[in-house]
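Have a look at the structure below before the remarks.
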Amino acid sequence: MNNVSYTMEGKTALVTIDRPKALNALNPETLAELLQLFSELAENDELVGVILTGAGEKAFVAGADISAMQHYDALAGREFGKLGHRVMSVIEQFPKPVIAAVNGFALGGGCELALACDIRICSENAKFGQPEVNLGVIPGFGGTQRLPRLVGKGHGFELLFTGDMIDAQEACRIGLVNRVVALEQLLPECLGIMEKIAQKGPVAIALCKEVVRAGMEMDSDRACQYEADLFGVCFASDDQKEGMKAFLEKRVPQFTGK
Ligand code: DAK
């Protein structure tokens with residue numbers, strides 16, 4: 001792969017988007033590489049989760065690649081949009097937690113990429129925005145949907161209508177990110193969250209992700225019914241038996257993810 005790489009930090013995959021000449025902007029090749037890598041990582045049963053970040057200290061991802069899009073016709077734009085949506089879906093439906101470690105600009109497609117992750121932690125220098133209207137287009141990778149669902153319609157509309165960039169503290173205030181930390185603390189902070197998750201029952205973590213993701217698209221009654229169904233599924237797992245037994249025996253559980 002030319003623009004995406006990963007390293008294993010224990011049982012966490014640290015995925016880095018690395019296109020320094022374009023502030024890690026997403027061209028079709030980078031999107032295809034992300035799709036391939038996440039599809040491969042999904043097969044790794046040992047994995048606890050993924051941390052997604054951008055190379056360098058300036059940008060997470062500065063958007064979809066404007067030079068690549070400039071001369072698209074409607075069909076090429078549609079294909080590009082479909083590819084982007086597939087990447088966002090593969091992340092959103094990834095069977096393990098995915099944390100965006102936002103280390104700088106997260107604009108346009110970069111903000112949308114962070115929105116597709118489960119948790120967003122950013123560094124003090126991070127900047128967020130949906131500047132597509134400045135270019136005469138609307139967001140194309142799900143930003144019009146995931147942003148207002150996360151921060152509410154009012155803050156979502158303001159970002160979408162004005163194209164304004166907001167800083168890390170404002171992003172935290174409106175709920176776009178969970179926490180702001182110093183740049184050098186960004187990866188340790190995200191790895192710390194993954195270490196906590198690694199202590200929990202893997203079956204329960206996977207089912208939590210599934211029910212939150214799918215349930216948010218359902219009406220409340222159906223979503224609660226789905227939660228009840230997946231709660232029932234937990235009782236088919238060794239993890240449930242071990243977790244409850246360990247509690248009653250006053251010891252730390254040894255989960256197997258079965
Ligand atoms: N695409 C391509 N190149 C980019 C880029 C981007 N998004 N962002 C930055 N670069 C390149 C710059 O052109 C520059 O290249 P050289 O001139 O050195 O060759 C290099 O990265 C460094 O950038 P700057 O020189 O501009 O650096 P500054 O520190 O001065 O400014 C900046 C940083 C992030 C504020 C600025 O680069 C900037 O405003 N970048 C563009 C941000 C932006 O507008 N992002 C949103 C892109 S639009 C759709 C599908 C997808 C989308 C929409 C529709 N459909 C299928 C319907 C998504 C759209 C977007 O994401």
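Numbering of residues begins at 1 and proceeds along the displayed sequence. Whatever order the structure lists them in is the order used to number ligands and atoms, beginning at 1. This structure is a prediction, so every number in the text was calculated from the model and none was measured.
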Next on the checklist: Whether the Q36 and E40 side chains hold a donor-acceptor pair (N or O, under 3.5 Å, no angle test) is what I'd like checked.
Outcome noted: yes
Checklist entry - Contact between I138 and ligand 1, counting heavy atoms under 4.0 Å? => result yes
Checklist outcome for this item: So CG of N2 and CG of D18: to nearest 0.5 Å the spacing works out to 10.5 Å
Checklist entry - Which is closest to atom 9 (C) of ligand 1 by heavy-atom distance: V137, L23, L26? => result L23
Checklist entry - Any N or O of L135 that comes nearer than 3.5 Å to an N or O of ligand 1? => result no
Checklist entry - Short N/O distance, under 3.5 Å, between G81 and ligand 1? => result no
Next on the checklist: Clusters formed by hydrophobic residues whose side-chain heavy atoms approach within less than 4.5 Å: which one holds F161, and what are its other members?
Outcome noted: F157
Checklist entry - Can K82 be said to touch ligand 1, with heavy atoms closer than 4.0 Å? => result no
Checklist entry - What protein heavy atom sits nearest atom 47 (C) of ligand 1, and how far away is it? => result A64 O, 3.7 Å
Next on the checklist: For atom 55 (N) of ligand 1, what's the nearest protein heavy-atom neighbour? Residue, atom name and distance, please.
Outcome noted: G140 CA, 3.9 Å
Next on the checklist: Once salt bridge (charged side-chain N to carboxylate O under 4.0 Å, His left out) is applied, what residue pairs with a partner in residues 107-120 remain, sequence neighbours excluded?
Outcome noted: D118-K209
Next on the checklist: What protein heavy atom lies closest to atom 30 (O) of ligand 1? Include the residue and the distance to one decimal.
Outcome noted: K58 NZ, 4.7 Å
Item to check | Within 6.0 angstrom of I138 CD1, more than 12 heavy atoms from elsewhere | outcome: no
Checklist entry - Looking at ligand 1, does G77 have a heavy atom less than 4.0 Å from it? => result yes
Item to check | N27 vs N3 side-chain heavy atoms within contact, under 4.5 Å | outcome: yes
